[in-house]
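Everything on this sheet refers to the single structure shown next.
A, B, ... follow the sequence lines: proteins, then strands. Residue 1 opens every chain.
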Amino acid sequence: MRYLPLNDADRTAMLAAIGAAKIDDLFEDVPADSLNATFDLPDHLGEMEVERALGAMAAKNRAAGEGPFFIGCGAYAHHVPATVDHIIQRSEFLTSYTPYQPEIAQGTLQYLFEFQTQVAALTGMDVANASMYDGSTGCAEAALMARRVTKRKKVILSGALHPQYAAVTRTNLELHNDNVIQAPINTGAAEDLASMIDDETSCVIVQNPDVFGNIRDLTPIAEAAHAKGALLVAVVTETVSLGAIKSPGEMGADIVVGEGQSIGNGLNYGGPYVGLFATRQKYIRQMPGRLCGETTDAEGKRGFVLTLSTREQHIRRDKATSNICTNSGLCTLAFTVHMTLLGEAGLRRLAMLNHDIAGKAADALGAVTGVEIVNKSYFNEFTLRLPKNASAVVDTLAKEGVLAGVPGGRLWPDDPAAENLLIVAATERVTEGDIETFALKLREAL
Amino acid sequence: MSMNTQGRPTRADGAALSDTPTFTGNKALQIEEALSFEIGDVARTGVDLAEPTGGAHRLGGLHRDSDIGLPGLTEPETMRHFVRLSQKNFAIDMGPFPLGSCTMKHNPRLNEKVARLPGFGDLHPLAPQSAVQGALELIDRLAFWLKELTGMPAVAMSPKAGAHGELCGMMAIKSALDARGEGSKRTRVLAPESAHGTNPATAVQCGFTVEPIPADSTGRVDLGALKEKLSDDIAGIMVTNPNTCGLFERDIRAIADAVHEAGGYFYCDGANFNAIAGKVRPGDLGIDAMHINLHKTFSTPHGGGGPGSGPTVLSDALAPFAPVPYVVHENGVFHLVETRRAAKAETSGADSMGRLTAFHGQMGMFVRALAYMMSHGVDGVRQAAEDAVLNANYVLARLKTEMTPAFDGFCMHEALFDDRFLEGTGVETIDFAKAMIDEGYHPMTMYFPLVVHGAMLIEPTESESKRELDLFCNALLSLAKRAKAGEVEPFKAAPIYAPRRRLDETAAARNPVLKWRPEAQAAE
Amino acid sequence: MSVKYTKDHEWAREDGGVYVVGISAHAAEQLGDVVFVELPEVGKTLSKGDDMAVVESVKAASDVYAPISGEIVAVNQAIADEPAKVNEDAAGAAWFVKIKPSDAGELDALMDEAAYNEFVENE
């Protein structure tokens with residue numbers, strides 16, 4: 001077996017050194033009748049055979065790059081520079097562990113410090129942690145944190161929050177019998193969340209741009225929340241948007257959670273991704289997850305360490321702010337490298353390019369007879385109202401080689417109001433030809 | 001107050017043995033590197049993108065006018081910056097990384113290659129199901145391997161890491177108790193003091209209270225004492241097996257029986273599954289749920305702290321409450337069950353616990369783990385477990401001449417020592433660990449588990465050759481002898497040859513600096 | 001006025017009708033360098049044994065329990081601002097809170113200095 005360095009001679013010599021007659025002597029504590037179970041599984045394969053088998057599975061999927069592609073809703077098909085993938089595959093990053101021995105993990109710690117700085121700047125917040133699993137779990141953690149800060153048990157979810165984010169948040173809060181109030185679907189950024197906030201409310205969770213692509217002014221909601229002593233949690237599923245639109249911090253958010261996949265990370269059929277988590281300075285001890293901080297070594301040189309660990313499970317145990325341990329290490333590196341390559345100038349340009357392309361797509365699709373664009377504003381994603389069930393249209397277009405977007409029925413299968421909605425994203429990878437093809441095939445399908 | 005006298009000293013004292021300083025601060029291949037924020041500027045970029053022309057008129061008047069504060073670097077500067085940073089890290093590919101309970105094994109590059117096939121890497125989680133049949137097939141195939149290796153009837157694939165898998169398992173227990181109408185009565189969870197901190201944290205996150213299970217003098221659960229703690233308000237127990245002392249819980253079946261008899265469930269922490277994969281099916285031992293760290297047992301890279309992946313196997317009693325989404329298979333076609341309502345219809349009425357994450361879990365890790373399993377085959381998985389246990393026992397046998405094993409007898413995949421051999425030397429566990437760095441090794445897990453004084457937990461994994469283990473043991477034996485011979489100074493000063501000397505964690509915590517700020521602001 | 005100790009390493013000393021409360025020098029030494037102290041709000045009423053404050057070092061986080069029941073009438077903001085003071089003078093200047101007792105008789109159950117020292121010795 002190519003991954004195992006010991007040979008039989010080694011094994012014999014080692015057993016002798018240990019003083020065991022045979023390997024199973026070392027498993028003496030295992031109940032004898034359960035040792036050496038049999039399994040209905042194949043024996044080992046060579047590299048070529050494994051690659052062939054998995055390649056065959058991959059070939060049954062339709063990758064974003066294979067044709068016109070317009071799917072978003074929390075995961076976006078952006079170009080990842082070749083440099084990013086090279087750096088994250090360096091042995092010293094790929095095959096290292098959580099930086100518990102800081103003297104020999106300064107590489108990891110320094111990029112985490114850079115990552116935290118980048119995320120704080122992007123979100124307009126004071127501090128960011130070293131990542132969560134993804135945006136959706138970060139959203140649930142934000143609700144739990146708001147609960148710790150306010151000691152209240154009622155959460156209000158916007159009707160334009162990604163329904164899977166809403167579901168994850170609900171699943172986590174129901175464990176504590178909290179009151180989770182879901183506002184009804186609202187495609188037009190016209191919901192009245194402020195009137196739902198009361199003295200019992202711990203937080204209100206609003207996505208921006210929302211799941212339909214609308215750009216929301218969070219300022220009035222922040223003011224309404226603060227007036228009642230509640231927190232505003234802002235959710236950003238498309239991080240590139242922060243290069244174009246006002247940051248949640250500028251609009252008064254208290255906690256910002258984000259999905260960082262758009263920067264440096266591939267689609268990967270949903271994971272691994274990288275959760276962004278940022279907040280105000282006064283709440284840092286209530287934050288979940290790891291934090292990297294600056295310090296000096298015994299010679300006075302600057303260095304970095306994991307810090308404020310007493311919030312975390314390995315010290316605080318049953319009183320920890322969260323049970324999270326492993327986070328998204330290597331995905332944060334991909335994010336940091338890509339963001340470093342972009343810089344502010346590159347990020348702003350990338351964002352406005354996305355906006356341009358989305359504008360062209362919206363114009364072309366909105367001109368198709370029977371199609372209505374529901375948005376007044378958008379960044380790189382918008383919602384169409386079709387004259388018929390969008391799921392069927394998506395299936396038809398998929399057969400024609402166009403991946404057209406996310407039909408409302410996929411995200412809200414129980415809500416007839418969503419049936420005819422189609423959420424369309426257009427990133428810098430979309431060409432004008434792709435838009436033309438999409439518009440043409442959509443016209444044919446309707 | 002609650003006293004915690006375990007743990008590690010954290011102050012960066014110790015005599016500074018200084019060598020001749022260089023002008024740059026560099027030491028040959030060790031090159032100092034500033035923060036990207038100190039090198040770049042906001043106008044610089046390492047990407048060439050077309051000029052946007054459309055303007056911001058569809059942004060609803062919320063265009064970002066303010067400075068963001070994100071300096072960029074050109075491509076060669078970026079490459080150099082991160083390559084220099086990388087060279088300040090220790091990694092498995094460089095040498096033994098014997099962190100107990102972390103399973104730092106070889107990460108095959110075939111796994112990286114297949115995970116990057118566009119059909120996996122460039123596949124959208126909300127693409128129509130007709131466009132993702134290969135992905136669903138892969139999830140289904142991996143699920144089959146996991147169920148077969150654990151002897152369990154069901155597996156939840158979406159948990160994003162080990163602790164997330166714990167959450168999944170404990171939520172399944174809560175759901176099952178609720179379904180029995182006992183959710184509000186059964187609120188106590190028992191876990192050993194040697195457990196990972198994630199166990200008590202998870203139980204509390206699920207709304208349970210946690211109490212310790214006493215250990216016996218052999219480092220295992222004290223069955224008699226456990227039984228005394230069981231009553232009709234027990235929700236379940238959380239036990240790691242093999243446990244964090246590197247020992248198999250030999251009473252595991254009796255433990256399972258006792259908990260079941262009391263009406264509770266058995267959550268098994270599968271962090272140490274590498275010791276028994278392909279040898280023993282946890283399902284044969286009476287467990288109800290167990291997460292599997294694909295990033296430990298099945299070699300997906302740790303990546304400096306993640307991403308992980310924590311599929312969680314469930315017994316028949318818990319399976320009906322599995323989270324959404326999951327894959328079902330009918331007439332050669334794969335479908336996703338994505339909502340609670342759909343799950344209820346599909347399972348004839350059971351209440352899924354709901355959703356743990358957007359999308360479907362760590363697909364990129366699934367591809368790598370399946371590539372690893374297929375490469376090993378079941379014969380290789382079994383051989384890997386045997387070699388991991390053999391390597392740990394070899395280290396235990398060789399080191400016990402100078403170091404003090406915490407418990408008698410053989411171990412499983414990791415060998416636990418305490419600090420008795422350092423008594424009276426002035427050298428402490430942390431000094432011993434830091435001295436290993438100067439010898440070119442990553443230290444073992446130190447000061448964990450908490451039940452042993454000055455713990456040193458060594459997990460070599462199956463990836464080490466005998467030659468590498470002999471060198472490693474010789475180095476540790478030499479360090480132990482030097483400590484006993486009274487050579488305290490080099491230990492207190494260690495590490496001397498690493499990119500940084502000991503870091504002042506106290507200062508970092510007293511005055512947290514969590515992001516870079518321009519000099520003028522930082523001075524305020 | 002004599003100082004009384006709990007088995008959880010808090011001390012209490014009478015001072016003009018209220019009790020000054022802190023953690024013992026032994027506890028501070030065991031914790032290591034203290035990096036953070038969280039104090040209760042003035043006006044809060046506690047029962048003996050309730051969580052009263054939190055003290056953290058890099059390696060440990062410990063709850064400080066109320067040694068007697070009563071109302072918090074003052075807290076020592078100086079140790080929250082500069083946690084290192086706890087290591088410097090736990091028995092004196094680094095007191096945590098002042099409690100107005102609801103039942104001063106509770107003090108009788110606590111250890112005097114000699115008994116506490118013996119307790120620590122045997123712990």
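- Heavy atoms closer than 4.5 Å to chain A are found in both the backbone and the side chain of B:T78.
- Listed by chain and residue number, nothing satisfies the ring-ring contact (aromatic ring centres under 6.0 Å, His included) test with A:F379 (two or more places apart in sequence, or in another chain).
- With a 4.5 Å cut-off on non-hydrogen atoms, B:L149 touches chain A through its backbone and its side chain both.
- With chain B as partner, the option from A:D10, A:I87, A:D40 having the largest number of non-hydrogen pairs under 4.5 angstrom is A:D40.
- Within the model, atoms CG of B:L49 and CG of A:L350 stand 5.5 Å from one another, a figure rounded to the nearest 0.5 Å.
- Ranked by non-hydrogen atom pairs under 4.5 Å with chain B, the options A:L342, A:N327, A:V394 are led by A:N327.
- Between chain A and the options B:S36, B:G380, B:A371, the largest number of non-hydrogen pairs under 4.5 Å is found for B:S36.
- Side chains of A:P99 and B:F90 form no contact here, defined as non-hydrogen atoms less than 4.5 Å apart.
- Put simply, of A:R170, A:E174, A:K376, A:R316, the one with the most heavy-atom pairs under 4.5 Å next to chain B is A:E174.
- Distance check, rounded to the nearest 0.5 Å: CG of A:N172 to CE of B:M171 gives 6.0 Å.
- Classification of B:R500 and A:E103 as a salt-bridged pair fails, no side-chain N sitting under 4.0 Å from a carboxylate O.
- Ionic pairing of A:D134 and B:K160 is present here: one or more N-O contacts between side-chain nitrogen and carboxylate oxygen are shorter than 4.0 angstrom.
- Proximity to chain A involves both the backbone and the side chain of B:L126, based on heavy atoms less than 4.5 angstrom apart.
- Between A:E51 and B:K113 there is a salt bridge, with a side-chain nitrogen of the basic residue lying less than 4.0 Å from a carboxylate oxygen of the acidic one.
- Every pair passing salt bridge (charged side-chain N to carboxylate O under 4.0 Å, His left out) that includes a residue from residues 117-127 of chain B is listed here, sequence neighbours excluded: A:R429-B:D122.
- Ranked by heavy-atom pairs shorter than 4.5 Å toward chain B, the options A:G74, A:A320, A:A105 are led by A:A105.
- Once rounded to the nearest 0.5 Å, the distance linking CG of A:L175 with CE of B:M353 reads 9.0 Å.
- The contact between B:E51 and chain A is made by backbone and side chain atoms together, counting heavy-atom distances below 4.5 Å.
- In this structure, OH in A:Y3 is found 10.5 Å from CG in B:N107, a value given to the nearest 0.5 Å.
- Put simply, of A:V305, A:L347, A:I18, A:T307, the one with the most heavy-atom pairs under 4.5 Å next to chain B is A:I18.
- Because its NZ or CZ atom is both nearer than 6.0 Å to the ring centre of A:F27 and within 45° of the ring axis, B:K279 counts as a cation-pi partner of that residue.
- With rounding to the nearest 0.5 Å, the separation of OG1 in A:T137 from CZ in B:R355 is 12.5 Å.
- Annotation: the span from A:I88 atom CD1 to B:S86 atom OG amounts to 13.0 Å, rounded to 0.5 Å.
- For chain A, the nearby part of B:R116 is the side chain; its heavy atoms alone come within less than 4.5 Å.
- Both the backbone and the side chain of B:L62 come within contact range of chain A, judged by heavy atoms closer than 4.5 Å.
- With respect to chain A, the highest number of heavy-atom pairs below 4.5 Å among B:A433, B:A127, B:G162, B:G151 belongs to B:A127.
- Minimum heavy-atom separation, B:L117 to A:G55: CD1-CA, 3.9 Å.
- Taking a cutoff of 4.0 Å between a charged side-chain nitrogen and a carboxylate oxygen, B:R250 and A:E28 do not qualify as a salt bridge.
- Both the backbone and the side chain of B:H442 come within less than 4.5 Å of a heavy atom in chain A.
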Next item on the list: Dump the intermediate steps for side chain to side chain donor-acceptor pair (under 3.5 Å) on A:S377 and B:R58, then the final yes or no.
Entry: CA-CA 5 Å; A:S377 63; B:R58 302 186 211 218; over 6 Å; no
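- Of the listed residues (B:A507, B:S309, B:G361, B:G40), the greatest number of heavy-atom pairs within a distance under 4.5 Å of chain A belongs to B:G361.
- In terms of non-hydrogen atom pairs under 4.5 Å with chain B, the most contact-rich of A:P31, A:G266, A:G65 is A:P31.
- With a 4.5 angstrom heavy-atom cutoff, B:H164 touches chain A via backbone and side-chain atoms both.
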Margin query: Pair B:D284, A:S34 - check side chain to side chain donor-acceptor pair (under 3.5 Å), show working.
Written below: CA-CA 6 Å; B:D284 293 343; A:S34 62; 5.8 Å; no
Check: Given the rule in the salt bridge (Lys or Arg N to Asp or Glu O under 4.0 Å) test, do A:E250 and B:R64 qualify, once you have shown the distances and angles that lead to the verdict?
Finding: CA-CA 9 Å; A:E250 288 175 279; B:R64 188 167 192 170; 3.8 Å; yes
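- By number of non-hydrogen pairs under 4.5 angstrom with chain A, the leading residue of B:Q133, B:E338, B:E166 is B:E338.
- In this structure, the portion of B:H196 lying under 4.5 Å from any heavy atom of chain A is its backbone and not its side chain.
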